[in-house]
Amino acid sequence: MIRVAVAGAAGRMGRLIVQNVVQDEELELAQAFDVREIGKDAGEIAGVGRIGVPITDAKEMEKVLDADVLVDFTTAEAAVENIRIASQKGVKLVVGTTGFTEEHWKKIEEYCKNVPAVISPNFSVGVNIFWKLVEFAVQFLKDYDIEILEMHHRFKKDAPSGTALKAAEIIKKYLGDKKLVFGREGVCPRGDEIGVFAIRGGDIVGEHTVFFIGMGERIEITHRALSRQAFASGAIKAVKWIAKVDKPGIYGMNDVLGL
Ligand code: NAP
């Protein structure tokens with residue numbers, strides 16, 4: 001049995017991870033952390049009935065964390081702190097949280113020298129193939145104009161999405177240091193840039209399109225997540241994969257999926 005702790009257990013993704021862990025016979029929910037719903041049963045909050053694991057105040061994590069793998073779907077600031085604690089305690093990590101700054105990444109890289117971690121801005125298998133398709137296309141369409149559009153639900157805190165930024169990073173790997181332009185306003189003729197646009201509204205789970213726009217034609221590569229279960233299934237795959245990895249360092253879904 002792999003003993004899993006979930007940070008952000010009262011959140012949209014955390015509740016789904018709790019559900020998936022409880023329903024998986026290879027996994028056991030050891031602990032649940034959040035800054036909300038403290039003391040309530042994590043199973044009841046996740047809608048799978050009482051499981052006898054209360055949601056513990058995240059402030060207590062440093063004292064009480066005890067699991068094989070910590071799954072983190074929280075906020076960027078919180079995740080950096082949770083990664084620090086897990087690395088100190090030798091608890092492996094699966095981190096889905098997005099919105100990390102360069103400063104955050106420096107700390108994360110330091111902490112992950114001690115512990116193996118899968119960190120991905122998108123755990124869905126489809127998005128990992130979408131990134132591969134973008135990587136394929138950009139190599140043949142270097143002189144096309146490239147723009148990225150992402151859409152998410154009205155409650156998403158960070159923008160643009162980590163998935164869109166990763167697509168931009170992949171494109172920049174082939175096209176050199178193109179400037180990213182986040183939205184346009186006023187007089188702004190197109191330069192040597194990639195435009196990145198974020199739409200927020202309603203309950204959109206997550207949609208991404210990369211446009212390759214030439215003279216007289218256009219290719220659009222689109223991924224649409226229709227349910228958060230796509231992310232949760234990938235995160236569970238990552239938990240089972242990292243549980244068998246001993247070499248510290250940061251891994252991606254590429255490694256988990258063998259892409
Ligand atoms: P959410 O519903 O806001 O859930 C986050 C939860 O974490 C909230 O309950 C939040 O409480 C709690 N939290 C805040 N600080 C904490 C701490 N120190 N320790 C433990 N819990 C803490 O957000 P979500 O939609 O689940 O998304 C969470 C993150 O995952 C976001 O960064 C999102 O972009 C990312 N995400 C990634 C993927 C992927 O595949 N990688 C997929 C979906 C979402 P408060 O609301 O009170 O702050």
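Atoms within each ligand, like the ligands themselves, are counted from 1 in listed order.
- For the pair I119/W105, a side-chain contact is recorded, criterion being any heavy-atom separation below 4.5 Å from C-beta on.
- Where the criterion is an N or O separation shorter than 3.5 Å, residue side chain and backbone included, T97 fails it with respect to ligand 1.
- When the heavy atoms of D57, T98, T74 are ranked by distance to atom 29 (C) of ligand 1, first place goes to T74.
- For the pair H153 and ligand 1, the shortest N or O to N or O distance does not fall below 3.5 Å.
- Y111 and Q88 form no side-chain donor-acceptor contact under 3.5 Å, judged by distance and modelled atom types alone.
- Considering each of K157, E77, H152, the one bringing a non-hydrogen atom nearest atom 3 (O) of ligand 1 is K157.
- Remark: minimum distance from atom 38 (C) of ligand 1 to any protein heavy atom is reached at F73 CE2, 3.6 Å.
- Looking at R228 against ligand 1, nothing comes within 4.0 Å, counting heavy atoms.
- Summary of contacts: the protein heavy atom closest to atom 18 (N) of ligand 1 is A78 CB, 3.2 Å.
- Of the options G8, G14, G234, A159, the smallest heavy-atom separation from atom 20 (C) of ligand 1 is shown by G8.
- The distance criterion of under 3.5 Å between nitrogen or oxygen atoms is not met by F231 with respect to ligand 1.
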Practice task
Start with the C-alpha distance between S233 and Q229, add both sets of side-chain angles, then the distance that settles side-chain hydrogen bond (donor to acceptor under 3.5 Å, both in side chains), and finish with yes or no.
Solution key: CA-CA 6 Å; S233 300; Q229 185 56 43; 3.0 Å; yes
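- Distances between N or O atoms of M13 and those of ligand 1 include at least one value under 3.5 Å.
- Heavy atoms of S120 come nearer than 4.0 angstrom to ligand 1 in at least one pair.
- Between H208 and F130, the ring-plane angle classifies as tilted under the 30° and 60° cut-offs.
- Nearest to atom 19 (N) of ligand 1 among the protein's heavy atoms is A58 CB, 3.1 Å.
- Scanning all protein heavy atoms for the shortest distance to atom 10 (C) of ligand 1 gives D34 OD1, 3.7 Å.
- Note: F100 and H104 have perpendicular aromatic rings, judged against thresholds of 30 and 60 degrees for the angle between ring planes.
- Between M61 and ligand 1 there is no heavy-atom distance shorter than 4.0 Å.
- Close N/O approach between S124 and ligand 1 is not found [any backbone or side-chain N/O within under 3.5 Å].
- Contact annotation: V127 has no heavy atom less than 4.0 Å from any atom of ligand 1.
- Of the polar atoms of T75, none of the N or O atoms is found under 3.5 Å from an N or O of ligand 1, judged by distance alone.
- Atom 46 (O) of ligand 1 has R36 NE, 3.2 Å as its closest protein atom, hydrogens excluded (heavy atom only).
- Between V138 and I146 there is a side-chain heavy-atom pair separated by less than 4.5 Å.
- Under the 4.5 Å side-chain criterion, counting only non-hydrogen atoms from C-beta, M1 is not in contact with E25.
- The minimum heavy-atom distance linking V64 with Q31 is given by the pair O-NE2, 2.8 Å.
- G11 and R36 make their closest contact through CA-NH2, 4.1 Å (heavy atoms, listed as atom of the first residue, atom of the second, distance).
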Handout entry: side-chain hydrogen bond (donor to acceptor under 3.5 Å, both in side chains) assessment of H152 paired with E150
Key = CA-CA 7 Å; H152 281 87; E150 59 101 332; 2.8 Å; yes
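- Atom 35 (C) of ligand 1 has as its closest protein heavy atom G96 O, 3.5 Å.
- Of the protein's non-hydrogen atoms, the one nearest atom 4 (O) of ligand 1 is G11 CA, 3.2 Å.
- Put simply, the side chain of K92 gets close to the backbone of V245: a donor and an acceptor are under 3.5 Å apart.
- Side chain to side chain, S120 and N122 fail the donor-acceptor criterion of an N or O pair below 3.5 Å.
- Using a 4.0 Å cut-off between heavy atoms, R12 contacts ligand 1 through both its backbone and its side chain.
- Under 4.0 angstrom from ligand 1, the non-hydrogen atoms of K156 all belong to its side chain.
- For atom 39 (C) of ligand 1, the closest heavy atom belonging to the protein is P121 O, 3.4 Å.
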Practice task
Output, in order, the C-alpha distance, side-chain angles, deciding distance and verdict of salt bridge (charged side-chain N to carboxylate O under 4.0 Å, His left out) for E169 and K172.
Solution key: CA-CA 5 Å; E169 195 187 296; K172 283 168 67 170; over 6 Å; no
